[in-house]
Trainee: 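Here it is, the structure, as structure tokens.
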Amino acid sequence: AVVAAVVAAAASGEGSGFKVEKHASELDLGCESYTGSVDWVTVREQVKAFLRSPNDQHVFLPSILRIGREQRNSDCYIGLCCLGYLSLMFMSPEKRARAMRDTLFGSVSLQDQIPLSYWDTIASGWPIFGL
């Protein structure tokens, strides 16, 4: 079990982001129970599908990249981080360099971005290490 509190920033890399301060045991790390405008279970499966065959045509890519850009407030912080890392793959070199310089992706260690144990991160089902 995770003992530390979880503190995460928005994965979009724009603006000041937000903080989620909850104990990991309070969070649904797989994001199955979160309701709202985003179906996080579907997003997670779509990210996994992309990683299984990145050269295929994935009609869902524009919509999940848009979620990564526009979603500002969610307890599914690991999903937001995954979408942020996924978006780096589709940025121009200049924009990617700026994102690595000015956002949490380049200036904050992975341990600080996702302060969960390795095993809790794996158990979440989100492919953060694959990204």
Side-chain angles (χ1 to χ4, degrees):
V2 174
V3 182
V6 175
V7 179
S12 69
E14 296 177 7
S16 61
F18 66 94
K19 279 183 130 177
V20 176
E21 294 191 24
K22 294 185 180 182
H23 189 278
S25 64
E26 296 178 83
L27 297 174
D28 171 6
L29 297 177
C31 305
E32 286 92 357
S33 67
Y34 298 142
T35 59
S37 62
V38 177
D39 179 353
W40 288 109
V41 173
T42 299
V43 170
R44 183 182 65 215
E45 295 311 310
Q46 290 171 333
V47 172
K48 288 179 179 181
F50 171 78
L51 290 173
R52 278 191 299 274
S53 37
N55 294 324
D56 289 355
Q57 292 291 334
H58 298 285
V59 296
F60 55 79
L61 267 176
S63 67
I64 64 173
L65 291 171
R66 186 175 48 257
I67 291 167
R69 280 191 313 273
E70 296 174 359
Q71 189 71 27
R72 295 288 186 197
N73 193 6
S74 175
D75 280 340
C76 190
Y77 67 95
I78 195 166
L80 289 173
C81 282
C82 281
L83 293 178
Y85 278 108
L86 180 67
S87 70
L88 289 172
M89 295 180 208
F90 297 97
M91 291 179 184
S92 68
E94 297 81 22
K95 189 172 181 179
R96 187 172 32 254
R98 194 171 44 252
M100 295 302 290
R101 183 186 66 233
D102 299 337
T103 70
L104 70 104
F105 298 106
S107 61
V108 177
S109 73
L110 185 61
Q111 180 64 39
D112 289 336
Q113 290 175 37
I114 305 174
L116 300 171
S117 74
Y118 172 81
W119 297 112
D120 284 332
T121 304
I122 294 295
S124 76
W126 285 94
I128 192 74
F129 298 122
L131 291 164

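Note that the coordinates shown come from a computational prediction; the quantities given were computed from them, not determined experimentally.
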Trainee: State, with a plain yes or no, whether a side-chain heavy atom of Phe90 is found less than 4.5 Å away from one of Leu61.
Mentor: yes
Trainee: Output the distance between atom CG (Leu131) and atom NZ (Lys48), rounded to the nearest 0.5 Å.
Mentor: 11.5 Å
Trainee: Would you compute the distance between atom CH2 of Trp40 and atom SG of Cys76 and round it to the nearest 0.5 angstrom?
Mentor: 5.0 Å
Trainee: Evaluate the side chain to side chain contact (heavy atoms under 4.5 Å, CB included) criterion for residues Cys82 and Arg44: first the C-alpha distance (whole Å), next the side-chain angles of each, then the deciding distance (0.1 Å), finally the verdict.
Mentor: CA-CA 9 Å; Cys82 281; Arg44 183 182 65 215; over 6 Å; no
Trainee: Heavy atoms only: give me the nearest Phe60-Ala49 pair and the separation to one decimal.
Mentor: CZ-CB, 4.1 Å
Trainee: Indicate the atoms forming the closest heavy-atom contact of Pro127 with Leu51, along with that distance.
Mentor: CB-CD1, 3.6 Å
Trainee: Testing the basics here: between Ile78 and Ser124, what is the closest heavy-atom pair and its distance to 0.1 Å?
Mentor: CD1-OG, 3.6 Å
Trainee: Once you round to the nearest 0.5 Å, how far does CD of Gln46 lie from CD1 of Ile67?
Mentor: 7.5 Å
Trainee: Let me confirm one number: the CG-OH distance from Asp39 to Tyr34, rounded to the nearest 0.5 Å.
Mentor: 14.0 Å
Trainee: Check whether Asp56 reaches the backbone of His58 with its side chain - one donor and one acceptor, N or O, closer than 3.5 Å.
Mentor: no
Trainee: Is there a continuous path of hydrophobic side-chain contacts, each under 4.5 Å between heavy atoms, that joins Ile64 to Leu88?
Mentor: yes
Trainee: Ignoring hydrogens and angles, tell me if any N or O in the side chain of Tyr85 forms a donor-acceptor pair with the backbone of Ile128 under 3.5 Å.
Mentor: no
Trainee: What distance separates Ser63 OG from Glu70 CD, expressed to the nearest 0.5 Å?
Mentor: 10.5 Å
Trainee: Indicate the atoms forming the closest heavy-atom contact of Met91 with Arg96, along with that distance.
Mentor: O-NH1, 2.9 Å
Trainee: Using the side-chain contact (heavy atoms from CB on, under 4.5 Å) rule, pick out the option among Leu80, Thr121, Leu83, Val43 that qualifies with Trp126.
Mentor: Val43
Trainee: Under 6.0 Å between the ring centres of Phe129 and Tyr118?
Mentor: yes
Trainee: Between Val38 and Val41, is there a shared hydrophobic cluster once you connect ILVMFWY residues whose side-chain heavy atoms come closer than 4.5 Å?
Mentor: no
